[in-house]
Amino acid sequence: SVRCLRVHDLVSGEADPGGARVVLVDRLWPRGVRRDAFRHDEWCKDAAPSPELRTEFHHGPMDFGEFARRYRSELGRGAAAAAVDHLAAVAAESGVVLAYAARDTEHNHALVLAEAVRAAG
């Protein structure tokens, strides 16, 4: 199983990973979160969008549809593709929670990544 949960909800106890492996899938450490406060199993930076794509999405005119299309393309190449395969293997073994810091729970990279992980599994 593959689920997406906000880091801040995991830290506050509002969300429960339910025994699944918790993987941080942001390239940057979440703002306002102490490293010792967030219990996670691994940090998979290679699965995150490129810095250029992230910046264009958050600070430019790019809509979520275009972001998702370009991010899917990134996930099909190089280290990102290997990260997707790794996450699919983890999901098959024990289930995985893709932890992300974005406030928007409906338009974020973890949702796109989750689709790619499910498709790879």
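Below, each value reflects all heavy atoms present in this structure, side chains not excepted, and no hydrogens, waters or symmetry copies.
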- Message: Does the plane of the ring in H109 sit parallel, tilted or perpendicular to the ring in Y71? Use 30° and 60° as the thresholds.
- Response: perpendicular
For residues 90-102, tabulate all N or O donor-acceptor pairs below 3.5 Å that involve a side-chain atom, not counting sequence neighbours.
none

- Residues passing the salt bridge (charged side-chain N to carboxylate O under 4.0 Å, His left out) test with R34, sequence neighbours excluded, are D36
- Query: Side-chain donor-acceptor pair under 3.5 Å between R77 and S73, yes or no?
  - Reply: yes
- Task: Verify the cluster assignment for L53 and V25: are they in a single hydrophobic cluster under the rule of side-chain heavy atoms below 4.5 Å apart?
- Result: yes
- If Ile, Leu, Val, Met, Phe, Trp and Tyr residues are connected whenever their side-chain heavy atoms lie under 4.5 Å apart, and connections chain through other members, are L75 and F67 in the same group? yes
- Scanning both residues in full, the closest heavy-atom pair of P49 with R27 reads O-NE, 3.1 Å
- Message: Among residues at least two apart in sequence or on other chains, which ones pass salt bridge (charged side-chain N to carboxylate O under 4.0 Å, His left out) with R21?
- Response: E42
- Item | Spacing of CZ belonging to R70 relative to CD belonging to E52, to within rounding of 0.5 Å | 9.5 Å
- Item | Shortest non-hydrogen contact between S50 and E74, atoms and distance | OG-OE2, 2.7 Å
- Query: What are the two closest heavy atoms between T105 and R6, and how far apart are they?
  - Reply: CG2-CD, 3.7 Å
- Message: Grouping I, L, V, M, F, W and Y whenever their side-chain heavy atoms are under 4.5 Å apart, do V112 and L5 come out in a common cluster?
- Response: no
- Query: Side-chain contact, heavy-atom cut-off 4.5 Å: F38 with L24?
  - Reply: yes
- Hey, what do you get for NE2 (H8) to CD (E14), rounding to the nearest 0.5 Å? 11.0 Å
- Taking all heavy atoms of W29 and all of H40, pick out the closest pair and write down the distance. CH2-CE1, 3.6 Å
- Cluster question for you: counting only ILVMFWY and a side-chain heavy-atom cut-off of under 4.5 Å, with indirect links fine, are L87 and W43 together? no
- Please round to the nearest 0.5 Å and tell me the distance separating atom CG of D16 and atom CG of D9. 12.0 Å
- So which residues get pulled into L28's cluster when ILVMFWY side chains under 4.5 Å apart are joined, directly or through others? none
- Mind checking what makes salt bridge (charged side-chain N to carboxylate O under 4.0 Å, His left out) contact with R3, not counting sequence neighbours? none
- Message: Do C4 and L113 make a side-chain contact, defined as non-hydrogen atoms from C-beta onward lying under 4.5 Å apart?
- Response: no
- Measure the CE-OG1 distance between M62 and T55 for me, rounded to the nearest 0.5 Å. 10.0 Å
- Contacts satisfying salt bridge (charged side-chain N to carboxylate O under 4.0 Å, His left out) that involve residues 106-121 (not counting sequence neighbours) are R72-E115
- Note on the structure: Closest non-hydrogen atoms of A116 and V84, given as atom of the first, atom of the second and distance, are O-CG1, 3.7 Å
- Message: Please check this pair: side chain of D41 against backbone of V23, looking for a donor-acceptor N/O pair closer than 3.5 Å.
- Response: no
- Query: Does A88 offer a backbone N or O that forms a donor-acceptor pair with the side chain of D85 under 3.5 Å?
  - Reply: no
